[in-house]
Amino acid sequence: MSVLNPSIPKGTRDFTPVEAIRRKYIFSVIENVFTRYGYLPIETPAMENLTTLLGKYGDEGDRLIFKILDSGNFLTGVTEEERLSLTPSKLAGRICEKGLRYDLTVPFARFVVRHRNKLSFPFKRYQIQPVWRADRPQKGRYREFYQCDVDVIGSRSLLNEAELLMIMEEVFRLLGIKVVIKLNHRKILAGIAEYMGVPDKLTGLTQALDKRNKIGDEKVLAELRERGFDEPAVRKMESFLSFSGSNNEKISFLSEKLGNTGQEQTGLDEMAKILTYAAETGVDKSCEFDFTLARGLDYYTGTIFEVVAAGWDGGSICGGGRYDDLTGIFGLPDVSGVGVSFGADRIYDVLAQTGKFPPLQDSSTQVLFLNFGEKELSYILPLVRKLRDHNVAAEVYPDQAKIKKQMQYANQKNIPFVILTGEEEMSQGVVSLKNMETGRQIRVTFEEVADSLIKK
RNA sequence: GUGGAUGUAGCUCAGUUGGUUAGAGCACUGGAUUGUGGUUCCAGGGGUCGUGGGUUCAAGUCCCAUCUUCCACCCCA
């Protein structure tokens with residue numbers, strides 16, 4: 001029999017105990033914050049019907065959805081000719097009806113519509129689950145990764161946006177990550193496009209603006225020209241880019257430039273309101289209104305958020321926004337929602353790079369009972385049970401191996417105490433308790449062991 | 001989907017202008033120490049050199065293809 005390669009699919013990862021413990025730490029910080037704001041957990045399946053997924057994330061997004069081959073004879077109903085002539089994506093549509101979820105927001109919208117009669121609105125939920133994208137892996141980019149979503153749906157109040165800012169500020173403060181929370185508004189972007197005389201080129205405009213931090217103002221303008229923006233439009237953008245000031249100054253600057261009539265004024269008013277809330281809750285220092293911020297996901301209609309960590313170039317670690325009609329496609333119109341998603345895997349990478357993980361107790365076990373044989377086992381097992389009942393993590397070495405080997409095991413697992421029990425101890429009605437750090441060893445009764453270990 | 005790197009022991013890596021039997025550290029196993037770990041010393045096991053072709057008297061080394069992983073673009077958490 002040939003030996004199998006113990007490899008895993010591209011872009012997926014195993015996690016060792018140390019890594020898994022650290023990931024749990026991240027999840028627990030995030031979950032703890034979410035629950036303190038009144039959000040409730042839900043879960044949805046790893047796979048969704050492709051009809052649910054397709055067309056929500058743009059063309060690029062559709063390409064990145066993992067599709068699941070139908071069970072059974074998936075080629076039923078596909079002619080030989082079609083098999084050869086159809087494009088791969090068209091063929092996939094014929095032989096796949098399911099796909100792995102691409103994010104948590106769209107499944108959430110589907111969930112809300114399906115369970116609307118059981119939910120009370122506004123509905124605040126959080127969801128911490130993996131998502132999959134058929135992307136090429138690279139720094140900060142995985143094919144399987146966890147998102148930690150918080151959304152509130154069924155309320156247009158800007159207090160929701162403000163609460164999300166507070167949640168983001170708090171999570172990253174607790175994790176010890178220095179961040180800038182950038183925010184913008186789709187209606188402001190649309191207003192800018194209108195002002196530039198290119199309302200139909202909003203997508204191209206946002207795609208170019210989005211690169212500002214990476215390539216600089218000059219290249220953004222060059223890209224606009226390449227994309228067919230005329231010179232007056234480019235010059236107008238240039239005047240925007242050259243402006244610098246505080247959040248409020250930016251808002252009044254744009255207000256003046258754009259005029260106060262259309263949707264841009266709604267956007268600017270909302271932005272001002274959100275920033276006022278932010279100031280009142282003391283999180284405004286982490287927030288930056290940035291009218292060049294754009295987000296690719298098609299469904300955002302209002303505020304958009306993105307969080308970048310200082311000194312980290314592996315992409316944003318949190319992002320989201322308001323979507324006015326995601327539930328409409330599932331038959332429940334006019335339900336606005338807003339939410340953000342924390343990228344747990346990127347947060348992990350940032351913490352690893354900055355060394356900000358708390359020192360973890362890498363030993364969960366407090367005491368190891370060495371195994372001297374059957375008689376000795378019967379003697380100590382009641383004590384093991386007693387310690388465990390009192391919340392002391394205790395384990396018994398399962399094999400009657402050499403003492404040296406058992407000691408090594410305790411050492412490598414960083415177990416602070418070892419109990420040795422041989423014939424001598426049994427005859428005296430005691431055990432030997434060894435402190436692995438000091439090396440000191442004393443003979444004590446069961447009661448004394450319990451006393452010294454349970455207290456801790 | 002496009003471009004650039006990479007691959008030698010479980011891990012991190014040496015390996016000369018092609019030249020005999022491919023090395024080190026860590027890890028692992030055994031011993032010094034048959035009831036005592038973390039330090040030390042001694043010994044040992046473990047590699048079809050990513051895979052498949054080609055050039056050559058001779059390939060880990062040169063050529064081609066393919067796969068893997070990583071990095072960048074695109075897009076995103």
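Because the structure is a prediction, the values reported are computed rather than measured. All chains are named by letter (A, B, ...) in the order of the sequence lines, taking the proteins before the strands, and each is independently numbered beginning at 1.
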Do [X] side-chain and [N] base share a donor-acceptor contact under 3.5 Å?
| X | N | result |
| --- | --- | --- |
| Arg136(A) | rU2(B) | yes |
| Lys404(A) | rU36(B) | no |
| Gln441(A) | rU36(B) | yes |

[atom1]-based separation of [M] from [N] [nearest Å]:
| N | M | atom1 | value |
| --- | --- | --- | --- |
| rG30(B) | rG45(B) | C1' | 10 Å |
| rG4(B) | rC67(B) | P | 15 Å |
| rU68(B) | rU51(B) | C1' | 10 Å |
| rG53(B) | rU61(B) | P | 14 Å |
| rG46(B) | rG10(B) | C1' | 9 Å |
| rC63(B) | rU17(B) | P | 15 Å |
| rG7(B) | rA14(B) | P | 8 Å |
| rG60(B) | rG50(B) | P | 10 Å |

Atom [atom1] of [X] to atom [atom2] of [N]: distance rounded to whole Å?
| X | N | atom1 | atom2 | answer |
| --- | --- | --- | --- | --- |
| Glu425(A) | rG35(B) | CD | C1' | 8 Å |
| Tyr57(A) | rC75(B) | OH | P | 18 Å |
| Arg63(A) | rU2(B) | CZ | C1' | 10 Å |
| Leu64(A) | rC74(B) | CG | C1' | 9 Å |
| Ile215(A) | rC73(B) | CD1 | P | 11 Å |
| Lys402(A) | rU34(B) | NZ | C1' | 7 Å |
| Asp349(A) | rC76(B) | CG | P | 20 Å |
| Arg143(A) | rA77(B) | CZ | C1' | 16 Å |

So [X], base contact, sugar-phosphate only, or nothing? Heavy-atom distance under 4.0 Å.
| X | result |
| --- | --- |
| Glu423(A) | base |
| Ile317(A) | sugar-phosphate |
| Tyr142(A) | base |
| Gly140(A) | base |

Proximity to the side chain of [X] - top-ranked nucleotide from [options]:
| X | options | value |
| --- | --- | --- |
| Gln408(A) | rG37(B), rC70(B), rG35(B) | rG37(B) |
| Met407(A) | rG37(B), rA77(B), rG35(B) | rG37(B) |
| Lys214(A) | rG35(B), rC73(B), rG37(B) | rC73(B) |
| Asn411(A) | rU36(B), rG38(B), rA77(B) | rG38(B) |
| Gln412(A) | rA77(B), rC28(B), rU36(B) | rC28(B) |
| Arg346(A) | rA77(B), rU29(B), rG37(B) | rA77(B) |
| Arg141(A) | rU36(B), rC76(B), rU2(B) | rC76(B) |

Check your understanding: Looking at Asp324(A), Thr327(A), Thr301(A), which hits side chain to side chain donor-acceptor pair (under 3.5 Å) with Ser336(A)?
Key ->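 It is Asp324(A), the one option of Asp324(A), Thr327(A), Thr301(A) that forms the side chain to side chain donor-acceptor pair (under 3.5 Å) with Ser336(A).
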Point to revise | rA77(B) pyrimidine/purine six-ring stacking with Tyr146(A), under 5.5 Å and 30° | key: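 The ring of Tyr146(A) is not stacked on rA77(B).
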Take a 6.0 Å sphere around [atom1] of [X] and say whether it holds more than 12 heavy atoms from other residues, nucleotides or ligands.
| X | atom1 | answer |
| --- | --- | --- |
| Lys24(A) | NZ | no |
| Met166(A) | CE | yes |
| Glu423(A) | CD | no |
| Asp200(A) | CG | yes |

Exercise for review: Verify whether the ring centers belonging to Phe34(A) and Phe342(A) lie closer than 6.0 Å.
Suggested key: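 Distance test on ring centres: under 6.0 Å, yes.
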**Study point:** Identified side chain to side chain contact (heavy atoms under 4.5 Å, CB included) partner of Tyr126(A) from the options Ile30(A), Leu40(A), Val33(A), Thr35(A)
**Key:**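 Answer after filtering Ile30(A), Leu40(A), Val33(A), Thr35(A): Thr35(A).
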**Study point:** Point-to-point distance, once rounded to the nearest 0.5 Å, from OH of Tyr300(A) to CG of Leu189(A)
**Key:**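 Reported to 0.5 Å precision, the distance equals 14.0 Å.
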Review point. More 5' along RNA chain B: Gly439(A) or Gln147(A), using each one's nearest nucleotide?
Key: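 So the residue in question is Gly439(A).
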Check your understanding: Quick one: on RNA chain B, does Gln207(A) or Glu437(A) contact a more 5' nucleotide (nearest heavy atom)?
Key ->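 This one resolves to Glu437(A).
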Review point. How does RNA chain B look in dot-bracket notation if pairs are Watson-Crick or G-U with both distances under 3.5 Å, crossing ones as [ ], other-strand ones as |?
Key: (((((.(..((((.....[...)))).(((((.......))))).....(((((..]....)))))).)))))....
Check your understanding: If you measure from the Lys or Arg side-chain nitrogens to the Asp or Glu carboxylate oxygens, is any gap between Asp103(A) and Arg133(A) under 4.0 Å?
Key ->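 Here Asp103(A) does not pair with Arg133(A) in a salt bridge, since their nearest N and O are not under 4.0 Å apart.
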Point to revise | Sidechain N-carboxylate O distance under 4.0 Å for Arg13(A), Asp345(A) | key: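 Judged by the 4.0 Å cut-off on N to carboxylate O distance, Arg13(A) and Asp345(A) do form a salt bridge.
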Review point. For rU69(B), does OP1 or OP2 lie under 4.0 Å from any side-chain N or O of Lys10(A)?
Key: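 For Lys10(A), the contact criterion (side-chain N or O under 4.0 Å from OP1 or OP2 of rU69(B)) is met.
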Practice item. For rA72(B), take OP1 and OP2 only and decide whether either is under 4.0 Å from a side-chain N or O of Gln138(A). Key: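 Answer yes for this pair, as a side-chain N or O of Gln138(A) is under 4.0 Å from OP1 or OP2.
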